[in-house]
Amino acid sequence: MNDSSSCPGSRGWRRVHGLSASIVVPGLMLLALCGGARASTVLPGQPLSIASASGQSGAPGQQKASKSILSEGAIGEEVEPYPGQVPLIPGFLQSPYGPPSFGPPYGTTHLLGDWGGVQPWLQKHGVYVALADYESISGNPIGGKRQTYTDAGQVGATVDVNWGKIFHGDWAHEFWLHTLVVNGHGRNLSRAFGDNGNQVQQIYGARGNVVAHLVWAYFEKAWWRRRVDWSVGFIPTGTFFNNSPWVCNFMNVWLCGNVTPTKYLNGGRDWPSGNIGTVLRVMPTPHLYVMGGLFAVSPHAYNGGISGWAWGQDGLGKLATEVEIGWIPEFGRDKLIGHYKVGALYDNSRYKNLYEDAYGTSAIAAGLPNRTESGQSSFWAIADQMLVRNGDGPMNGLIVGGYWSYADGKTSQIKNHLVGVVMDTGKMWGRPLDMVGFMVQWAQFSRSAILAQEAAAERGLPLPGANFGMPYGIQGHETTYEAFYNAHVLNGLNLQPDFQYVNHIGGTTVFKDAAVFSLALNVLF
């Protein structure tokens, strides 16, 4: 398995990126998203109140029907803080990707307030800084290859520069630089209990044994009230594509961030692995966007090297193209928001067929090299809908959602991935800033991968793996059930107990099903 996608949005840092209503995660979010906080969806060019933008429901007893998150407003418009919140980072409302949030329904809050006045001063001069820490302890007292526990965590920092505030020229209006670096630690629980293809923890892997692993560094320029937005630089593809605002509410990496199997393809590698590339988004109406991206494909195990800083890798001659169309409607008086997206990826590189040789028969049986396939493709469809609103914000209510993602089974070890979720905030039991969620996901391993494993088993050879790691047995499918409760403790701090049940560990029946218990802490300083 390519670890580059572990924490593809990981709780402490995922993105709700300016993709209008596509999933948008600001740099700050990335900090707080791969580590347990949730991203909210914000449309470009819509300076909202901090409350509605971040999903904050307000003080108990003060919830009200949300104003349209698509409502018009002057760029740079000042807003008033809502009850009980520190009036922080109003400048982020001018960001092309929308305001940060500590995850719905927390709002834009920091544990250390405005840093003694440092944050407002920096933002006045066009510099936005965020620092977050995410820690999770996970263990499997039941099932798996062995019973154990691990700690995995991550510290990250984002710096976003608004050139318009620095240079003041028309050319610099809505022109930004976004950067993010992380430092990860810990070990992988899933591999310890026998699953080389999935990961029950959001954080671990592909950050390198380095002090500062580069996740992204790119420029972004917007025009016409952000109806046209262009980004170029070192970008994780899932920051823009094949993502949704709720995926990192959950800990499991197959869901968090850019969704499996796309992010395990070389052309779609995601967080914390960036790709040299560019993205253009056009939003002809407040409820519709069209987006396309072009990325260099790295033939190496890690994009940008193990540290993320080695952009000048050799072999970057092939390209991956991603496209996505999204519809973000709001229904009824309460503005019940939904996200409906379809997208595709095509990588023009050549990849090894997992089973066949040049003659279309078993490469293992014939003792011949595997044939190569021209190109690799992936498709996805996402749908989620708020059914009941509990307060302001795009994630503050009862939400149901689903996901389907596909990759060509001739070259990808997993072919189909299906997800279903239901989430709600805690207004019903007097905890409006808490959130609860349930999820089930099912992944189908490809026929080509299975045939190759069967051919190897018949001959007493090691079972071949591919982009989802080496299997312990012949694979078929894997199902994961997850439930979480995220409790808002203090401004900028939340705790999340999480339970996962993994059926067919690693897609096989070699080990007994695993029950995994986790506790995650996320702090936005």
Subject >> Check ion pair Glu174-Arg226 (N to O, under 4.0 angstrom) >> reply: yes
Subject >> Contact check, side chains of Val279 and Phe295, non-hydrogen atoms, under 4.5 Å >> reply: yes
**OP:** Answer whether the closest heavy-atom distance between the side chains of Ile399 and Leu387 falls below 4.5 Å.
**Re:** no
Original post:
Is a side-chain N or O of Asn243 found less than 3.5 angstrom from the main chain of Gly238, in a donor-acceptor match?
Top reply: yes
Original post:
Residues two or more places apart in sequence or in another chain: which of them pass side-chain contact (heavy atoms from CB on, under 4.5 Å) with Thr278?
Top reply: Trp230, Val232, Leu294
Subject >> side-chain contact (heavy atoms from CB on, under 4.5 Å), paired with Leu189, selected from Asp151, Ile137, Thr148 >> reply: Thr148
Original post:
Are any of the side-chain heavy atoms of Tyr403 and Trp246 separated by less than 4.5 Å?
Top reply: yes
Subject >> Spacing of CG belonging to Asp229 relative to CZ belonging to Phe240, to within rounding of 0.5 Å >> reply: 7.0 Å
**OP:** May I have the step-by-step check of side chain to side chain contact (heavy atoms under 4.5 Å, CB included) for Phe468 and Asp195, ending in yes or no?
**Re:** CA-CA 10 Å; Phe468 285 84; Asp195 195 337; over 6 Å; no
**OP:** Tell me, with the steps shown, if His178 and Trp216 meet side chain to side chain contact (heavy atoms under 4.5 Å, CB included).
**Re:** CA-CA 7 Å; His178 306 301; Trp216 68 47; 4.0 Å; yes
**OP:** Could you walk me through whether Tyr340 and Trp327 pass ring-ring contact (aromatic ring centres under 6.0 Å, His included), step by step?
**Re:** CA-CA 5 Å; Tyr340 300 88; Trp327 178 49; 5.5 Å; yes
Subject >> Heavy-atom donor-acceptor pair, Ser405 side chain to His417 backbone, under 3.5 Å >> reply: no
Original post:
Which heavy atom of Thr237 sits nearest a heavy atom of Arg269, and at what distance?
Top reply: OG1-O, 3.3 Å
**OP:** First locate atom CH2 of Trp380, then atom CZ of Phe241, and finally report the distance between them rounded to the nearest 0.5 Å.
**Re:** 7.0 Å
**OP:** Measure across Gln441 and Asn252 and return the closest heavy-atom pair with its distance rounded to 0.1 Å.
**Re:** NE2-OD1, 2.9 Å
Original post:
So which heavy atom on Gln500 is nearest to which on Val200, and how close?
Top reply: NE2-O, 2.9 Å
**OP:** Kindly say whether the aromatic ring centers of Tyr128 and Trp176 come within a distance under 6.0 Å.
**Re:** yes
Subject >> Non-hydrogen side-chain atoms of Val419 and Met439 separated by less than 4.5 Å >> reply: yes
**OP:** Check whether more than 12 heavy atoms from other residues, nucleotides or ligands sit under 6.0 Å from atom OH of Tyr149, and answer yes or no.
**Re:** no
**OP:** Decide whether His488 and Asp434 meet the rule of one side-chain donor and one side-chain acceptor closer than 3.5 Å.
**Re:** no
**OP:** Measure centre to centre between the rings of Trp311 and Phe234, then say whether the value is under 6.0 Å.
**Re:** yes
Original post:
Between Gln201 and Ser138, which heavy-atom pair has the shortest distance, and what is it?
Top reply: CG-OG, 3.5 Å
**OP:** Return the minimal non-hydrogen interatomic distance between Ala212 and Val181, and the atom names on each side.
**Re:** CB-CB, 4.2 Å
Original post:
Taking the side chain from Ser273 and the backbone from Asp270, do they hold a donor-acceptor pair closer than 3.5 Å?
Top reply: no
Subject >> Distance, nearest 0.5 Å, that separates CG of Asp384 from CE of Met423 >> reply: 6.5 Å
Original post:
Hey, what do you get for CG (Asn390) to CG (Asp424), rounding to the nearest 0.5 Å?
Top reply: 5.0 Å
**OP:** Please examine the side chains of Val215 and Pro236, heavy atoms only from C-beta on, and report whether any two atoms are closer than 4.5 Å.
**Re:** yes
Original post:
Would a 4.5 Å heavy-atom cut-off, applied to side chains only, mark Val440 and Thr480 as touching?
Top reply: no
**OP:** To the nearest 0.5 angstrom, please state how far the CG atom of Asn188 sits from the CG atom of Asn196.
**Re:** 8.5 Å
**OP:** Measure the acute angle between the ring planes of Tyr481 and Tyr501, then classify it against the limits of 30° and 60° as parallel, tilted or perpendicular.
**Re:** tilted
**OP:** Apply the test side chain to side chain contact (heavy atoms under 4.5 Å, CB included) to residues Phe250 and Val421: give CA-CA distance (whole Å), side-chain angles for both, the deciding distance (0.1 Å), then the verdict.
**Re:** CA-CA 10 Å; Phe250 300 90; Val421 302; 3.8 Å; yes
Original post:
Hey, mind stepping through Tyr485 and Arg431 against side chain to side chain contact (heavy atoms under 4.5 Å, CB included) and telling me if it holds?
Top reply: CA-CA 11 Å; Tyr485 187 92; Arg431 296 281 301 178; 3.9 Å; yes
Subject >> Side chain Asn396, main chain Asp392, donor-acceptor under 3.5 Å >> reply: yes
Original post:
Looking only at atom types and distance, does a side-chain atom of His213 sit under 3.5 Å from a main-chain N or O of Ser307, one as donor and one as acceptor?
Top reply: yes
Original post:
Which value, rounded to the nearest 0.5 Å, describes the distance between Met251 atom CE and Gln496 atom CD?
Top reply: 6.5 Å
**OP:** Could you tell me whether a side-chain N or O of His173 sits under 3.5 Å from a main-chain N or O of Gly169, the two making a donor and an acceptor?
**Re:** no
Original post:
Under 3.5 Å, is there a donor-acceptor pair between the side chain of His125 and the main chain of Leu122?
Top reply: no
Original post:
So, the side chain of Asn162 versus the backbone of Gly164: is there a donor-acceptor pair under 3.5 Å, distance only?
Top reply: yes
**OP:** May I ask you to decide if Ala515's main-chain N or O and Asn140's side chain share a donor-acceptor pair within less than 3.5 Å?
**Re:** no
Subject >> Closest heavy-atom pair and its distance - Asn303, Ser298 >> reply: OD1-CB, 3.2 Å
Subject >> Test applied, side-chain contact (heavy atoms from CB on, under 4.5 Å); reference residue, Leu493; option that passes from Leu524, Leu521, Asn522 >> reply: Leu521
Subject >> Side-chain heavy-atom pair Arg281, Glu324 within 4.5 angstrom cut-off >> reply: no
Original post:
Quick one: does Gln119's side chain have a donor or acceptor within less than 3.5 Å of a partner on Val129's backbone?
Top reply: yes
Original post:
With a 4.5 Å limit on heavy-atom distance, are the side chains of Asn242 and Lys263 in contact?
Top reply: no
